[in-house]
Amino acid sequence: MKINNAFILCAGFGKRLNPLTLKKPKPLLQIKNQTILEDCINTIIKLKVENIFLNTFYLSEQIIDFFKNKNFSVKINIIEDGKEILDTGGGILNLINHSDCEDFFVFNPDTIWNENYVSEINDMQKYYFQNKLNNILLLVNKKLSFDNNLEGDFELEDNIIKQSFEKNFIYTGCQILNKNLFNEYEVENFSIAKIWNKLLMKQQLNGFESINKFQHLTNLEIFKKLKGS
């Protein structure tokens with residue numbers, strides 16, 4: 001089996017990168033003469049998906065204009081959050097309602113994605129279907145983080161994500177989800193962590209370990225360091 005749809009979350013305000021994001025949405029910031037959104041899309045294309053859906057809210061007109069001059073080899077659908085920002089959970093559910101997919105990738109574009117991730121994301125996808133899962137998150141040990149001050153989110157043991165005092169693993173910003181996880185929710189402002197926490201309590205939140213160096217636009221200082229690296 002294969003996943004044919006990917007969602008990219010592009011609606012956020014990017015406040016941690018002010019003043020750069022006061023006039024430009026975070027996905028359109030550039031590292032090495034290319035936007036981080038393009039890095040994300042090009043990585044997804046290598047996964048051979050058929051459709052990309054991305055949500056917008058803050059400075060959405062700039063993201064819409066960006067695609068007018070681009071010709072990617074995959075269909076890209078732009079879905080606006082609406083009158084208010086929907087956060088990660090509400091944004092994903094809104095994208096689900098505009099697509100016909102059962103299982104889908106979700107990407108945060110503030111990670112610097114590249115072709116080194118393709119094989120392990122494909123391995124994660126294989127693991128997801130072989131084990132008949134409805135969720136899996138790509139995690140990385142914080143020792144591999146470019147930002148040495150970035151704290152971990154979870155612990156990972158035998159592909160099961162756990163909350164513990166020691167949080168050695170960071171969520172990379174890539175996950176696979178099934179739409180049934182959202183059955184009891186409405187399109188409104190809520191975080192995907194609401195669903196994660198329910199799964200954590202049941203020990204049903206799954207993880208897959210990345211071994212790539214993790215580069216993430218944590219804040220303005222890290223962004224400047226990444227541009228100079």
Side-chain angles (χ1 to χ4, degrees), residues 6-47 49 52-74 76 78 81 85 87-88 91 105-121 124 137-154 167-175 192 209-229:
F7 298 168
I8 307 177
L9 304 181
C10 297
F13 294 104
K15 292 180 180 179
R16 290 174 298 182
L17 287 158
N18 284 347
L20 296 179
T21 48
L22 292 175
K23 295 184 178 180
K24 179 178 287 189
K26 181 169 59 175
L28 296 187
L29 295 178
Q30 292 189 351
I31 300 284
K32 301 187 187 304
N33 300 317
Q34 182 162 275
T35 67
I36 59 172
L37 179 55
E38 285 175 276
D39 288 333
C40 185
I41 290 172
N42 289 332
T43 301
I44 293 171
I45 287 172
K46 290 182 173 65
L47 295 170
V49 302
I52 292 176
F53 295 81
L54 60 90
N55 70 331
T56 62
F57 181 78
Y58 177 64
L59 300 176
S60 60
E61 68 282 353
Q62 291 190 36
I63 293 179
I64 293 168
D65 287 343
F66 169 79
F67 283 102
K68 289 179 181 178
N69 299 315
K70 296 293 179 180
N71 186 24
F72 293 103
S73 61
V74 62
I76 295 177
I78 301 174
D81 271 10
I85 194 165
D87 206 342
T88 49
F105 291 112
V106 181
F107 283 85
N108 296 347
D110 45 2
T111 292
I112 309 302
W113 298 105
N114 58 61
E115 63 183 10
N116 294 330
Y117 280 102
V118 174
S119 61
E120 62 186 20
I121 293 175
M124 180 175 74
L137 281 60
L138 187 66
L139 306 182
V140 64
N141 194 295
K142 62 185 180 182
K143 293 178 181 178
L144 291 173
S145 176
F146 181 86
D147 180 358
N148 294 324
N149 295 316
L150 195 59
E151 297 181 355
D153 302 303
F154 304 107
K167 297 179 180 180
N168 289 308
F169 287 85
I170 299 168
Y171 171 56
T172 64
C174 174
Q175 59 186 319
I192 188 62
E209 185 173 357
S210 167
I211 58 172
N212 279 297
K213 184 72 174 179
F214 179 59
Q215 299 178 324
H216 178 268
L217 273 64
T218 315
N219 52 40
L220 186 58
E221 178 186 1
I222 294 299
F223 174 73
K224 290 178 178 178
K225 288 181 178 180
L226 284 168
K227 279 189 72 76
S229 65

Check step by step if side-chain contact (heavy atoms from CB on, under 4.5 Å) holds for N114 and N42.
CA-CA 8 Å; N114 58 61; N42 289 332; over 6 Å; no
Any chance you could lay out the side-chain contact (heavy atoms from CB on, under 4.5 Å) test for C174 and I121, step after step, and finish with the verdict?
CA-CA 8 Å; C174 174; I121 293 175; 4.0 Å; yes
Testing the basics here: between V49 and V74, what is the closest heavy-atom pair and its distance to 0.1 Å?
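Shortest heavy-atom separation between V49 and V74 comes out as O-CG2, 3.6 Å.
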Shortest non-hydrogen separation from T88 to I192 and the atoms involved
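Distance-wise, the nearest heavy atoms are OG1-N, 2.8 Å.
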How many angstroms lie between CG in L37 and CD1 in I76, if you round to the nearest 0.5 Å?
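So the CG of L37 and the CD1 of I76 are separated by 7.5 Å.
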When the ring planes of W113 and Y117 are compared, do they come out parallel, tilted or perpendicular, using 30° and 60° as the limits?
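Perpendicular.
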Parallel, tilted or perpendicular: ring planes of F66 versus F72, cut at 30 and 60 degrees
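Taking F72 first and then F66, their aromatic rings sit tilted (interplane angle of 30° to 60°).
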Tell me which one of L54, D110, D87, N108 satisfies side chain to side chain contact (heavy atoms under 4.5 Å, CB included) with L9.
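The residue from L54, D110, D87, N108 that satisfies side chain to side chain contact (heavy atoms under 4.5 Å, CB included) with L9 turns out to be N108.
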Can you spot which of L139, L138, L144 makes a side chain to side chain contact (heavy atoms under 4.5 Å, CB included) with S210?
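Option passing the side chain to side chain contact (heavy atoms under 4.5 Å, CB included) with S210: L138.
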[X] vs [Y] side-chain heavy atoms within contact, under 4.5 Å:
X	Y	result
K32	D39	no
Q62	K24	yes
I41	I44	no

Give a yes or no on whether the backbone of L150 and the side-chain of S145 come within a donor-acceptor separation of less than 3.5 Å.
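Absent.
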Counting distance only, does the side-chain N/O of T56 pair as donor-acceptor with the main-chain N or O of C10 below 3.5 Å?
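It does not hold such a pair.
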Check the side chains of D81 and N55 for a donor-acceptor pair under 3.5 angstrom, ignoring hydrogens and angles.
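N55 vs D81: donor-acceptor pair found between side chains.
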Check against side-chain contact (heavy atoms from CB on, under 4.5 Å), D147 and E221:
CA-CA 10 Å; D147 180 358; E221 178 186 1; over 6 Å; no
